[in-house]
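Throughout, a chain's letter reflects where its sequence line sits, starting with A, and its residues are numbered from 1. Note that these values count all heavy atoms, side chains included, but never hydrogens, waters or copies made by symmetry.
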Amino acid sequence: MKKELDTRYDPKNVEDRLYANWLTAGHFHAKVDEGKTPYTIMIPPPNITGQLHIGHALNNTLIDILIRTKRMQGYNALWMPGTDHAAIATEVKIVEDMAKDGVSKLDLGRDGFMERAWGWYDKYGSTIINQLHKLGCSCDWERTRFTMDEGLSDAVLEVFVRLHKKGFIYRGERLINWCTQCQTTISDAEVEHEEKQAGFWHFKYPVKDMPDTFVQFATTRPETMLGDVAIAVNPNDERYTHLVGKIAIMPILDREIPIIADDYVKIDFGTGMVKITPAHDFNDFEIGQRHNLPLINIMNDDGTINENGGCYEGLDRYDTRKRIITEFEEHGLFVKKEDIVNAVGEHDRCGSVVEPLIKLQWFVAMETLAKPALDAYRNEKLRVVPSRFGKVYAHWLENIRDWCISRQLWWGHRIPAYYCDCGEIAVAKTTPDKCSKCGNANLVQDEDSLDTWFSSALWPFSTLGWPKETEELKYFYPTNVLCTAPDILFFWVIRMVFSGLEFTDQLPFKDVFLHGLVRDEQGRKMSKSAGNGIDPLDYVERYGADALRFSLIVGNSAGGDLRLYDDKVEQARNFLNKIWNSARFIMMNLGDTPPNADIEDLTAADRWIISLANKMAADVTQNIDNYELGVAADKVYSFMWDEFCDWYIEMAKPRLYNAEDPTRDAALWTLTYVLKTGLKLLHPFIPFITDEIYTTLGSDASIMVSEWPKYDENYNFAAEETEIEHVKEAVRAIRNARANMNVPPSRKAKVFVVTGDLALRDIFKSCDKYIMALASASEVAVQPSKAGIDDNAVSIVIPSAEIFMPFAELVDIEKEKARLAKEIEKLEKEVGRVTAKLNNTCFTDKAPANVVEEEKEKERKYKEMLAAVEQQLRALK
RNA sequence: GGGCAAUUAGCUCAGCUGGUAGAGCACAUCCUUGACGUGGAUGGGGUCAGCGGUUCGACUCCGUUAUUGCCCACCA
């Protein structure tokens with residue numbers, strides 16, 4: 001049944017309706033099916049705290065393109081969705097929310113807090129997931145998982161216990177990064193270093209029993225002097241050899257500290273003397289270990305000074321800094337302040353300055369685990385796209401340090417360690433009945449929870465049921481590709497790789513496909529604080545999901561950042577409208593029965609466009625396989641708009657408008673066939689409009705379960721491709737000449753096409769109606785010579801022919817002469833260039849034969865054209 | 001301090017394995033032709049950042065400089 005479409009495409013009438021249809025039809029759901037090859041992608045689980053932002057939109061559009069393509073190609077495509085509990089990010093939000101009600105964590109207690117947190121989860125946990133529907137994401141929603149699900153939590157416990165058993169998880173007192181704001185430890189990856197202007201204060205300490213002798217040093221953190229336990233110099237520093245072994249006095253506390261020698265100290269930096277504070281600096285910690293120095297912790301968890309700071313106890317760290325400087329000044333022990341640029345570690349969540357503190361924490365020993373992850377990359381088992389990020393991946397693994405996994409938070413997986421009064425620690429998935437050593441039944445579980453990335457590291461297999469050996473796990477795992485932004489390469493990607501290798505003996509994915517950041521029109525990073533964030537749903541509202549998706553993809557390369565703004569989305573919207581109208585046009589001309597045509601019935605134009613579509617299908621498929629999605633989108637875009645709409649449809653019109661035309665059905669068949677091919681290739685990018693058109697065209701089933709176009713040698717028409725190129729060339733030349741003379745399209749002209757080549761004459765004759773339709777010609781005469789053509793006719797030379805248009809009354813002879821002269825100049829230049837190249841024996845000797853042959857052909861052609869134009873110029877009176 | 005990118009038309013960006021540069025927007029002229037003015041036709045505009053090198057030939061490979069951006073890093 002023939003249907004009419006509106007003149008404009010309105011996504012509002014389409015998107016929600018189709019999405020509901022897809023859900024009802026169950027097209028997103030992937031079941032284990034040994035008869036099909038699985039293709040799996042795990043969603044990078046969004047935090048339950050947030051709203052969908054433009055980065056999610058890009059990420060999930062990319063994934064959806066891959067998934068939809070593979071699904072159409074016949075793979076059993078599973079896109080597993082889910083969310084991340086995002087320990088600290090969520091806990092901070094919940095605490096803020098509680099504060100509005102005047103309630104604190106301590107008020108509620110652990111159980112009360114968790115209850116409230118789950119309430120938060122119930123309320124907001126699905127926000128982003130639901131917003132993904134709007135984008136058209138074809139996730140298998142029936143399989144939605146959450147990192148704190150029962151199954152995933154079980155996986156976390158299993159992993160913790162196994163790693164502990166193997167000795168990879170240990171508990172120890174180490175220097176860790178402490179956030180005084182969030183009051184928790186954080187991992188190295190969570191510390192951001194930013195270069196900032198900082199003070200660099202120089203002080204001196206007196207030396208015991210050596211009047212008028214001082215040790216002078218500098219620090220960016222004077223408050224840590226309260227924890228100084230030594231002064232170090234380089235053992236080869238002759239200036240200070242006599243001081244090594246002596247005792248310096250830390251004046252405020254009257255603490256006696258040794259002067260030691262250590263290679264770490266650089267002789268030529270500063271005074272060559274360094275204060276050593278093992279409890280508050282990573283380097284100093286190591287030096288302390290080497291020299292058996294005590295650890296003096298001077299700081300409370302909230303950043304105030306503790307009892308070890310003498311009279312500074314209770315004072316904030318920065319107030320202490322100021323006071324200490326003043327106090328040293330008063331004692332004449334302050335030397336000077338320098339302004340330097342220094343990289344200070346800040347917590348990536350809250351931005352407050354991180355303090356290295358000594359704490360008893362849980363760690364994962366990384367050295368052994370990292371090795372296979374590194375090997376997988378080096379042996380090219382793991383492919384990183386774009387490849388440059390592979391180096392970043394490798395560099396991180398080569399320099400990896402142990403991973404601090406305990407967090408002083410409640411929202412998360414509680415560490416399965418149980419303490420007995422006797423000192424015994426049990427690590428087990430469930431609370432042990434009694435202590436295995438002393439039999440005491442009163443075991444107390446560790447208060448801390450795990451780093452949020454500990455659970456997301458297991459995501460590719462925990463979501464499929466691991467540690468249970470489910471059939472889903474066997475079938476869908478390992479996944480095919482992990483698609484995400486490079487900023488979580490260290491946090492997440494690397495940890496999934498080593499976890500996968502350790503627990504499943506397989507890489508969790510074969511490819512890592514990394515994309516860039518979405519920026520605003522000025523190229524700034526989008527952020528809430530800058531107020532330049534774009535709500536993707538706003539674009540969906542204004543232009544539709546397809547337009548947003550397409551604007552995020554077209555013209556972008558893998559890993560590259562992209563700017564997004566209205567113009568771009570409008571461009572995409574216009575493209576959708578173009579597609580829509582091409583379909584509308586075709587449907588208007590379609591009869592009640594579907595058009596039918598055999599290959600023999602097809603004209604050159606039909607074969608030409610079919611051949612292009614055929615090649616494009618192969619090209620685009622390859623681009624998608626290589627994650628060159630921007631290139632793929634670009635190719636279909638210009639095919640559909642330039643070749644199909646602007647050329648083919650226009651060529652088909654005269655045939656459609658003539659009911660008697662014997663090739664009318666062939667044209668209709670071709671139009672439908674090529675449109676469908678284009679729609680299919682576009683469907684992964686713009687799922688809604690393509691399905692709407694496809695089904696309106698008469699298909700009962702959604703395009704998303706149709707077959708992906710494949711290259712078909714039967715549809716390769718090389719000869720017709722060049723034939724139509726000749727015709728296009730002629731049309732362009734005529735249009736060009738007419739535009740030059742300002743001849744309106746309404747004024748038709750007779751066109752003479754002159755060529756000595758019989759085959760070319762046949763082509764032009766058979767395509768005369770195209771030239772008439774496309775180049776405003778009233779009549780096309782194809783002939784072997786110029787016989788009968790007025791000398792003053794406008795003449796144009798193209799490689800395949802000479803074209804004449806008798807426009808005598810319109811032609812300004814002088815202008816025409818000038819135009820031809822310019823043409824001659826252009827051709828002479830070409831001839832000169834090609835001839836020079838061919839006269840160069842280096843070129844003819846060394847260049848491949850086909851290249852030389854091509855150049856010779858060009859030379860012949862240009863010379864021929866030049867001669868023709870020269871003759872025309874002479875002919876003008 | 002290292003590492004990695006980018007530098008192509010006025011603007012935003014494509015350009016795979018080396019063979020005389022492309023798109024969108026903007027601009028100019030024209031067209032209300034029976035799908036679309038969210039359209040069509042034609043045109044102007046680039047020594048592909050600079051300098052060296054490899055090559056018959058380089059936007060494309062190598063080196064180097066400059067500018068910009070990102071990542072990593074315990075120099076007190």
Side-chain angles (χ1 to χ4, degrees), chain A residues 5 7-9 193 200 217-221 232 264-266 269-277 281-286 342-343 345 356 386 388-389 391-392 395-396 399 486-487 489-490 516-517 521 523 525 543 547 554-557 559-565 567-568 570-589 619 622-623 626 628 630-631 634 637-638 642 645-646 649-650 653 656-657 731-732 735-740 742-746 773-776 830 833-834 837 840-848 850-852 854-855 858:
Chain A
L5 298 177
T7 55
R8 284 191 184 180
Y9 171 62
H193 294 273
F200 193 43
F217 56 89
T219 178
T220 53
R221 297 185 297 156
Y264 164 75
V265 183
K266 297 222 165 78
F269 187 86
T271 58
M273 288 186 165
V274 185
K275 70 192 235 4
I276 303 299
T277 324
D281 184 280
F282 288 95
N283 292 309
D284 294 6
F285 180 82
E286 281 170 26
N342 187 31
R388 64 190 136 95
F389 286 113
K391 292 179 199 165
V392 181
H395 183 257
W396 170 268
N399 297 285
D487 56 347
L489 193 58
F490 309 135
L517 254 43
E521 196 165 0
K525 199 171 167 173
Y543 299 101
V554 78
N556 280 111
S557 56
D561 289 352
L562 67 111
R563 299 184 190 199
L564 188 69
Y565 40 87
D567 273 0
K568 260 193 187 169
E570 266 175 37
Q571 180 198 339
R573 189 268 320 263
N574 292 353
F575 175 60
L576 301 182
N577 198 242
K578 189 74 183 174
I579 299 292
W580 181 258
N581 271 289
S582 69
R584 195 167 89 92
F585 170 76
I586 293 167
M587 284 183 222
M588 283 166 59
N589 287 283
D619 266 16
Q622 199 179 19
N623 286 135
N626 292 334
E628 296 157 351
V631 178
D634 220 36
Y637 176 95
S638 49
D642 302 341
C645 290
D646 289 346
I649 289 185
E650 293 308 318
K653 276 179 182 173
L656 297 180
Y657 294 153
V731 169
R732 270 194 293 256
R735 283 170 171 173
N736 177 319
R738 293 178 59 107
N740 262 326
N742 280 329
V743 187
S746 52
L774 300 183
S776 310
E830 294 299 329
R833 201 181 47 74
V834 178
K837 205 169 186 180
N840 181 355
T841 50
C842 290
F843 172 73
T844 46
D845 290 351
K846 297 194 177 171
N850 63 318
V851 175
V852 178
E854 272 172 37
E855 290 299 315
K858 273 186 207 164

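Straight-line distance between the C1' atoms of U47(B) and U32(B): roughly 43 Å, to the nearest whole Å. When the C1' atom is used for both C13(B) and U54(B), the distance is 30 Å, rounded to whole Å. Across the P atoms, A21(B) and G45(B) are found 15 Å apart, a figure rounded to whole Å. G46(B) and C59(B): their C1' atoms are spaced 11 Å apart (whole Å). Distance noted for atom C1' between A73(B) and G15(B): 36 Å (whole Å). Using P as the reference atom, A14(B) and U8(B) are 11 Å apart when rounded to the nearest Å. Here, G18(B) and C62(B) have their P atoms 11 Å apart, quoted to the whole Å. Straight-line distance between the P atoms of G40(B) and G57(B): roughly 43 Å, to the nearest whole Å.
Using a 4.5 Å heavy-atom threshold, the side chains of Asn342(A) and Phe200(A) count as separate. Side-chain contact between Leu489(A) and Trp396(A) is absent, with no heavy atoms from C-beta onward closer than 4.5 Å. Residues Lys568(A) and Val554(A) fail the side-chain proximity criterion, which asks for heavy atoms closer than 4.5 Å. A 4.5 Å side-chain heavy-atom check between Lys578(A) and Asn574(A) finds every atom pair outside the cut-off. Contact of the Ser557(A) side chain with the Glu628(A) side chain is not registered, since no non-hydrogen atoms from C-beta on lie closer than 4.5 Å. A 4.5 Å side-chain heavy-atom check between Val392(A) and Pro486(A) finds every atom pair outside the cut-off.
Shown here, U29(B) forms a base pair with A41(B); the pair counts as Watson-Crick or G-U wobble because both key distances fall under 3.5 Å. Taking a pair to require two hydrogen-bonding distances under 3.5 Å in either a Watson-Crick or a G-U wobble arrangement, C4(B) pairs with G69(B). For C36(B), there is no paired base (Watson-Crick or G-U wobble, both distances below 3.5 Å). Look at G63(B): its Watson-Crick or wobble partner, with both distances under 3.5 angstrom, is C51(B). The pairing partner recorded for A9(B) is none, the criterion being a Watson-Crick or G-U wobble arrangement whose two distances lie under 3.5 angstrom. Both distances falling under 3.5 Å, in either a Watson-Crick or a G-U wobble arrangement, occur for no nucleotide opposite C74(B).
A donor and an acceptor atom sit less than 3.5 Å apart, one in the side chain of Arg8(A) and one in the base of U38(B). Donor-acceptor pairing under 3.5 Å, judged by distance alone, is absent between the side chain of Lys391(A) and the base of C4(B). Looking at Lys653(A), its side chain comes within 3.5 Å of the base of A35(B) through a donor and an acceptor atom.
Rounded to an integer number of Å, the gap from CG of Leu517(A) to P of A6(B) is 16 Å. In this structure, the CG atom of Asp642(A) is 15 Å from the C1' atom of C36(B), given to the nearest Å. Following rounding to the nearest Å, Phe389(A) (CZ) and G3(B) (P) show an atom-to-atom distance of 17 Å. Between the NZ atom of Lys578(A) and the P atom of G24(B) there is a distance of 12 Å, given to the nearest Å. Rounded to an integer number of Å, the gap from CG of Leu562(A) to P of G24(B) is 19 Å. Atoms CG (Asn577(A)) and P (G37(B)) sit 8 Å apart, rounded to a whole Å. Here the C1' atom of nucleotide C25(B) and the CZ atom of Arg573(A) are 14 Å apart, to the nearest Å. Distance Asn342(A) CG to A73(B) P: 15 Å, rounded to the nearest Å.
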Which pairs, protein N/O on one side and nucleotides 27-30 of chain B N/O on the other, fall under 3.5 Å?
none

Polar pairs (N or O, both sides) under 3.5 Å between protein and nucleotides 14-21 of chain B?
| residue | atom | partner | partner atom | Å |
| --- | --- | --- | --- | --- |
| A14(B) | OP1 | Ser557(A) | OG | 3.2 |
| U20(B) | O2 | Arg833(A) | NE | 3.3 |
| U20(B) | N3 | Glu830(A) | OE1 | 3.4 |
| U20(B) | N3 | Arg833(A) | NE | 3.1 |
| U20(B) | N3 | Arg833(A) | NH2 | 2.3 |
| U20(B) | O4 | Glu830(A) | OE1 | 2.6 |
| U20(B) | O4 | Arg833(A) | NH2 | 2.4 |
| U20(B) | O4 | Tyr862(A) | OH | 3.2 |

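The residue Phe269(A) sits close to a base: some heavy atom pair falls under 4.0 Å. Counting non-hydrogen atoms under 4.0 angstrom, Phe490(A) reaches the backbone sugars and phosphates but no base.
Within the 4.0 Å cut-off from OP1 or OP2 of C4(B), not a single side-chain nitrogen or oxygen of Arg388(A) is found. Within the structure, every side-chain polar atom (N or O) of Tyr565(A) is placed at least 4.0 Å from both OP1 and OP2 of C13(B). The side chain of Asn736(A) contributes an N or O atom lying less than 4.0 Å from OP1 or OP2 of G43(B). OP1 or OP2 of C13(B) sits under 4.0 Å from a side-chain N or O of Arg563(A). Residue Arg584(A) places at least one side-chain N or O closer than 4.0 Å to OP1 or OP2 of C36(B).
With the nearest nucleotide of RNA chain B identified for both Asn740(A) and Ile649(A), Ile649(A) has the one nearer the 5' end. For the pair Val731(A) and Asn840(A), both in contact range of RNA chain B, the more 5′-proximal nearest nucleotide belongs to Val731(A).
In the set C13(B), A35(B), A76(B), A76(B) carries the atom at the smallest distance from any side-chain atom of Tyr264(A). Across C56(B), G24(B), C72(B), the shortest atom-to-atom separation from the side chain of Cys842(A) is found for C56(B). Set against C36(B), G24(B), C74(B), the side chain of Asn283(A) has C74(B) as its closest nucleotide. Nearest nucleotide to the Asp567(A) side chain, out of A5(B), C36(B), C25(B): C25(B).
In terms of modelled atom types and a separation under 3.5 Å, the side chain of Arg8(A) and the main chain of Asn577(A) share no donor-acceptor contact. Side-chain atoms of Arg584(A) do not come within 3.5 Å of backbone N or O of Tyr9(A) as any donor-acceptor pair.
Comment: Lys275(A) does not engage Asp284(A) in a salt bridge, judged by the lack of any side-chain N to carboxylate O separation of less than 4.0 angstrom.
In this structure, Lys653(A) is positioned above the aromatic face of Phe585(A), its NZ or CZ under 6.0 Å from the six-membered ring centre and within 45° of the axis.
Residues Pro356(A) and Asp281(A) approach most closely at CB-N, 4.3 Å, considering heavy atoms.
The CG atom of Asp845(A) sits 8.5 Å away from the CG atom of Asn840(A) when rounded to the nearest 0.5 Å.
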Inset, instruction - Please report the C-alpha distance between Asn740(A) and Asn736(A) in whole Å, then the side-chain angles of each, then the deciding distance to 0.1 Å, and finally whether the side-chain hydrogen bond (donor to acceptor under 3.5 Å, both in side chains) criterion is met. - result: CA-CA 6 Å; Asn740(A) 262 326; Asn736(A) 177 319; 3.1 Å; yes
